[in-house]
Amino acid sequence: MKLPVVLAALLALALPATAAAQPAPPTAPRLTVVISVDQLSTELWNQYRPTFRGGLARLSREALAFDGYQAHAATETCPGHSTILTGAHPARTGIVANNWIDQRVARPKKEVYCAEDVARTPASGYTVSLANLRVPTLGDRLKAARPGSRVVSVAGKDRAAAMLGGRSADQVWWWSGGDFTSNLTARPAPAVARANAAIAQRLAQPRQALIPPPHCESRARSITLPGGRVLNTNRFARAAGDNAAFRLSPEMDAATLALGAALADELQLGRRQGQTDLLALGLSATDYIGHAYGSGGLEMCLQLASLDRDLGDFLRHLDRTVGDYMVVLTADHGVLDVPERGTRPGSRRLDAALTVKALDDAIRPGLGLTAPALLGEGIGGDLYVSAALPSATRERVMAEAERRLRAHPDVHSVHRGVQIARLPVPTGPASRWTVPQRIRASYDPARSGDLYVVLKEGIQPIATPGPTYAATHGSVWDYDRRVPLLFWRGPMARGPGGEAMTVDIAPTLARVLGVPVPAGEMDGRPLDLPRNNDILERPRTQ
Ligand code: ZN
């Protein structure tokens with residue numbers, strides 16, 4: 001009796017495109033703007049809230065705020081963005097890391113990028129694709145329910161733009177390093193060509209150093225990192241034509257917001273009677289700056305002050321052109337500051353001798369192995385055992401790796417994929433999840449490691465700071481998991497929103513927008529917004 005089930009499933013897949021469009025509820029906002037500020041941790045948000053004067057001040061003052069969690073262990077950009085508009089943990093989205101290792105792929109390079117298509121690897125680099133994403137986004141569901149809706153996604157990073165937008169988005173754009181580009185957009189918009197021309201003109205001019213606002217001046221005490229780089233001195237002066245400095249500065253987010261506004265104008269987002277549109281924005285500069293300079297210094301202070309101002313301009317543009325719109329602001333993960341700043345007592349850098357290669361080199365002689373037995377990007381997260389080895393040898397490699405890792409003072413725990421796989425995907429408040437439950441929420445049997453290594457809380461995974469990489473995220477700990485989660489539609493009912501997860505955003509918006517979601521297709525739940533009508537029927541003040 002399998003066939004009818006399959007037929008029914010096929011029909012269900014075919015239905016949304018052919019069924020009559022479901023009208024938007026009269027209370028739905030005509031435009032929903034979902035903003036992900038890459039690496040904006042709850043710690044940063046709380047620390048800077050009193051200093052905001054622009055768009056972030058408006059959201060801080062007027063939005064309904066939840067204590068947000070990117071609940072899973074793999075607190076990286078791609079998994080984080082995959083949760084925001086799918087309503088699903090990475091275990092379900094399939095986006096379990098920025099990069100994973102797939103030893104079965106038919107090409108020499110076994111590392112797979114989250115937003116590529118391994119079946120269509122070009123001669124060099126990759127083609128941006130959603131082939132790895134296993135679920136639809138809210139935009140996909142919105143387009144299926146109401147084909148007249150428009151879905152636009154713009155981000156500094158390709159993986160952010162792709163994961164937020166989805167397969168049926170009308171426009172998906174990201175920064176290539178020199179301009180906004182896309183291979184996911186069938187019909188290019190003139191707004192993008194104009195934005196790129198304006199950016200090129202701006203890039204051709206040098207930029208003066210920013211003048212720190214008073215609250216940033218106390219952060220201007222210089223810190224020297226191992227290797228000699230000095231922090232708290234960069235005020236983002238830029239030479240003419242320096243693309244790298246453009247991306248690694250507040251200019252990147254300003255350009256992303258400007259393109260978002262230009263596309264909103266061109267596509268008349270939120271201005272068409274009876275339609276509900278979705279605009280997703282991935283603001284990547286906070287992440288680039290946090291990686292290069294850490295999160296506690298002058299550079300981050302300048303970035304957040306600039307973002308606050310530029311977001312204020314963007315929202316005022318929507319006030320004028322759209323009027324009634326909704327904003328959701330969150331982040332893909334948090335961050336751990338450079339330990340040299342002393343922001344977090346006891347924090348230190350990972351032992352530089354603890355690498356995958358060193359571990360592999362230590363294990364192989366005892367087992368009589370010559371070829372690499374352990375594969376992975378680094379210690380912390382997924383480790384893979386060579387699939388070329390017989391299973392008894394694989395078992396011995398794993399046991400030996402576990403023994404050595406557990407003896408190291410930087411390691412909190414080591415988990416086997418097969419054991420994680422047996423756990424149910426966790427539910428309930430993310431703050432109470434155990435470490436194995438966090439790992440389970442971003443575990444996929446075909447993509448995750450044979451082992452999962454958890455570093456101790458406060459261990460900065462970057463052993464040796466480089467020119468643009470001094471601090472990072474990616475851990476199971478709350479400094480990487482806790483993110484702002486704000487809903488705004490004009491001044492909202494106040495009151496404690498309580499704890500929520502980023503996977504709750506999509507089901508909440510689906511309810512507000514009247515987009516059907518079959519039971520069991522999302523991990524999140526529609527948030528119980530206190531005095532819910534306030535979000536559905538914004539008091540008309542203008
Ligand atoms: Zn990120």
Side-chain angles (χ1 to χ4, degrees), residues 34-45 68-86 89-90 93 95-100 113-116 128 132-133 137 153-165 172 174-175 177 247-250 252-253 256-257 280-296 299-300 303-304 307 328-338 377-378 380-382 438 441-442 460-462 466 468-485 501-503 505:
V34 177
I35 302 171
S36 165
V37 181
D38 201 313
Q39 206 188 100
L40 182 64
S41 64
T42 292
E43 271 173 52
L44 266 183
W45 172 258
Y69 280 80
Q70 285 279 4
H72 52 272
T75 48
E76 296 184 331
T77 296
C78 216
H81 280 98
S82 84
T83 69
I84 293 171
L85 284 176
T86 63
H89 295 303
T93 68
I95 307 300
V96 298
N98 282 345
N99 300 285
W100 57 84
Y113 176 55
C114 62
E116 73 164 318
V128 177
N132 292 325
L133 181 67
T137 61
S153 180
V154 183
K157 298 181 183 177
D158 57 22
R159 54 189 178 278
M163 296 298 152
L164 291 173
V172 182
W174 57 88
W175 183 248
R247 193 180 77 158
L248 183 52
S249 82
M252 181 72 258
D253 287 349
T256 308
L257 285 164
L281 296 169
L283 302 178
S284 309
T286 303
D287 186 68
Y288 290 130
I289 290 165
H291 280 306
Y293 304 102
S295 54
E299 294 86 358
M300 186 58 77
Q303 157 61 11
L304 293 179
L307 173 60
V328 179
L329 183 132
T330 190
D332 55 343
H333 52 73
V335 70
L336 177 63
D337 196 9
V338 293
E377 272 199 316
D382 292 305
R438 298 172 195 191
S442 47
Q460 173 56 251
I462 298 173
T468 57
Y469 217 55
T472 197
H473 46 83
S475 83
V476 306
W477 305 114
D478 280 354
Y479 47 76
D480 285 341
R481 294 171 81 220
R482 290 186 63 201
V483 292
L485 210 178
M501 297 186 282
T502 51
V503 295
I505 294 171

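For the single chain, residues carry numbers from 1 onward in sequence order. Each ligand, and each atom within it, is numbered from 1 in the order the structure gives. As the structure is a prediction and not an experimental result, all values here were calculated from the model.
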- Item | Distance (rounded to the nearest 0.5 Å) between N99 CG and E76 CD |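 One finds 7.5 Å between CG of N99 and CD of E76.
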- Query: On the ring face of Y288, is R247 found with NZ or CZ under 6.0 Å from the centre and within 45° of the axis?
  - Reply: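 Cation-pi check for R247 and Y288: passes.
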Would you say [X] reaches the Zn ion (ligand 1) with an N/O/S atom under 2.8 Å?
X: D332; value: yes
X: H333; value: yes
X: D38; value: yes
X: T77; value: yes

- Message: Which residues pass the side-chain hydrogen bond (donor to acceptor under 3.5 Å, both in side chains) test with H333, not counting sequence neighbours?
- Response: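 Scan of H333 (side-chain hydrogen bond (donor to acceptor under 3.5 Å, both in side chains), adjacent residues dropped) gives D38, T77, H473.
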- Task: Applying salt bridge (charged side-chain N to carboxylate O under 4.0 Å, His left out), name anything that partners R482, two or more places apart in sequence or on another chain.
- Result: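 Only D67 meet the salt bridge (charged side-chain N to carboxylate O under 4.0 Å, His left out) criterion with R482.
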